[in-house]
There are 2 protein chains.
Amino acid sequence: MKLSKTSEYAIRILSYMAKDSDKLYSAKLLVEKLNVSDKYLRKLMTLLSKAGFIKSMQGRYGGYKFAKDIKNIYISNIIDAIEGSEKYLGCILGLDDCSDENPCSMHEVWVTTRAKLISTFEKTSLYKISQTEIIKF
Amino acid sequence: MKLSKTSEYAIRILSYMAKDSDKLYSAKLLVEKLNVSDKYLRKLMTLLSKAGFIKSMQGRYGGYKFAKDIKNIYISNIIDAIEGSEKYLGCILGLDDCSDENPCSMHEVWVTTRAKLISTFEKTSLYKISQTEIIKF
DNA sequence: CTCAAATACCACTTCGGTGTAGTATTTGCA
DNA sequence: TGCAAATACTACACCGAAGTGGTATTTGAG
Ligand code: SF4
Ligand code: SF4
C-alpha cells in the first residue's frame, strides 16, 4: 500500500524544487538537502527530464529547472510517468476480471476509497504543495 | 499502491474457503480453483496455519479448515499477519518524520483517505465477504 | 503392515526494484 | 585552449519477494 521508492523520491524532489520554482538546482544540492543517494537521484533526474517535467543544463554551472508551470504538474502526472497508472488504479485484491457487476463485498467501499485517493492525486499540483511549509524532507 | 502478492493470495484463498466455512479443503483443490501456483500456495497455507487462521490435518485425507469463526477474521488481521500493519499505515510519500503539526498540503486528504481504507480493512470480515457472490477468483 | 495421498520442510532459483561504479560528454570561465 | 564542474550513459551488484524442486513426515484405508 505504498508508492514505489522512486515515485516517493520524485515527488520529494519536485516538491522541494517547487519552493523556488524558477531556480536552477544542481544534483549536488538536492542530494545534500533531500535524503536520496547521489547516483540514484541523478538517474532519476534524467528520467524526469525525459518525462518533460524538468529540463537539464549540462556543463559547468549546469543543473535542473522546471520545464513547465508547476501549477500544471499534478501528483498523478508524476506517478503515471514513473510507474504507470495501473499500479494504483487496480483492485486491491488483484482480481482484474471482476467488475462492478460481479463484486465482492469489499468492492463498493474499495471503489469509493480508491476514487478519493485518485482524485487527491489528480487535484494536488506542485504549486499547491509549495504553498505549504514542509519542515522535514 | 497495492498489497503484496502474498496478501492478495491469502485473502483470495480464505475468501474462497469462507464460502463453505466448515469444509475441509485440500491444497490440490485450492490450486485448481484459485490461480496460485501449487508450491507457493502450500507454503502460504503453512504460514496461515501458524498464524492461527486455519488448522491443517496431515496424512491421508488431510487438508485445511478454519481454526476459528470467520466472523472474527478481518481483512486487517490477515494483512497484519502477512506483511505487518506498517506497510499500509505509513505516509504515502514515505516521510515518516512529519506529523499532523508539520503537514504538506496532501496530508489532510491523505490522512482522511487512509483512515477510510483502514476502517474498511478492519470492518470487513471473511463472513461478510462470504455473503457476497464472487464469480471470478 | 503397507501404501497412497496428503502436508511440512529446506534449499535453491528467478525476477524486478533499488542502489552503485566508472566512464563519457558537455560547457563556461580563467 | 585547457580545466573544473556539472550532467548522461552503460553496466553491474544487491536484496527481498515470488516462485520452484526435492525430500521427509504424517496418517487413514485396505
Ligand atoms: S469485487 Fe472485490 S476483488 Fe473484485 S475488483 Fe472489486 S474489490 Fe476487487
Ligand atoms: S505531511 Fe502527511 S502526507 Fe505530507 S509527506 Fe508528511 S505524512 Fe505524508
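Chain identifiers are assigned alphabetically (A, B, ...) following the order of the sequence lines, protein sequences preceding nucleic acid strands; residue numbering begins at 1 within each chain. Any value given below was found using the heavy atoms of this structure, including those in side chains, with hydrogens, waters and symmetry copies removed.
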Could you check whether any side-chain heavy atom of A:I129 comes within less than 4.5 Å of a side-chain heavy atom of A:I70, counting everything from C-beta outward?
no
5' precedence on DNA chain D between A:Q58 and A:K43 (nearest-nucleotide basis)
A:Q58
Presence of A:T46 side-chain N/O under 4.0 Å of D:dT7 phosphate oxygens OP1/OP2:
no
B:S37 side chain near D:dT20 phosphate (N/O to OP1/OP2, under 4.0 Å)
yes
Distance in angstrom units between B:R12 CZ and D:dA18 P, rounded
13 Å
Toward the 5' end of DNA chain D, which comes first, A:R60 or A:S49, by nearest nucleotide?
A:R60
Nearest-nucleotide pick for B:K39, side chain only, options being D:dT20, C:dG22, C:dA6
D:dT20
B:K68 atom NZ, over 12 foreign heavy atoms within 6.0 Å
yes
Check the distance between D:dG28's P and B:L24's CG and give it to me in whole angstrom.
12 Å
Are B:D20 and B:Y25 side-chain neighbours, meaning at least one heavy-atom pair lies under 4.5 Å?
yes
Indicate whether OP1 or OP2 belonging to C:dA8 is found under 4.0 Å from a side-chain N or O atom of B:Y64.
yes
Let me know the distance between CG of B:L47 and P of C:dC9, rounded to the nearest Å.
11 Å
Would you say a side-chain N or O of B:Y9 is under 4.0 Å from OP1 or OP2 of D:dG19?
yes
Would you mind classifying the nucleic acid contact of B:M57 as base, sugar-phosphate or nothing, using non-hydrogen atoms under 4.0 angstrom?
sugar-phosphate
Indicate every side-chain donor-acceptor pair of residues 39-67 of chain A with a distance under 3.5 Å to a residue at least two apart or in another chain.
| residue | atom | partner | partner atom | Å |
| --- | --- | --- | --- | --- |
| A:Y40 | OH | A:T6 | OG1 | 2.9 |
| A:R42 | NE | A:D38 | OD1 | 3.3 |
| A:R42 | NE | A:D38 | OD2 | 3.0 |
| A:T46 | OG1 | A:R42 | O | 3.2 |
| A:S49 | OG | A:M45 | O | 3.0 |

Holding to side-chain contact (heavy atoms from CB on, under 4.5 Å), I want the full list of residues that pass it with B:Y74, two or more places apart in sequence or in another chain.
B:S76, B:N77, B:S125
Identify whether any heavy atom of A:Y40 sits under 4.0 Å from a base atom; if not, whether one sits that close to sugar-phosphate; answer base, sugar-phosphate or nothing.
base
Using whole Å, what does the distance between atom C1' of nucleotide C:dC9 and atom CZ of B:R42 come to?
13 Å
Whole-Å gap separating C1' (D:dA8) and CG (A:L44):
14 Å
Taken to the nearest whole Å, CD/B:E83 to C1'/D:dA17 is 11 Å
Kindly say if A:K50 contacts the phosphate of D:dC9, meaning a side-chain N or O under 4.0 Å from OP1 or OP2.
yes
When the distance from NZ of B:K5 to P of D:dG19 is rounded to whole Å, what number comes out?
6 Å
Atom CG of B:L41 and atom P of D:dT20: how far apart are they, to the nearest Å?
12 Å
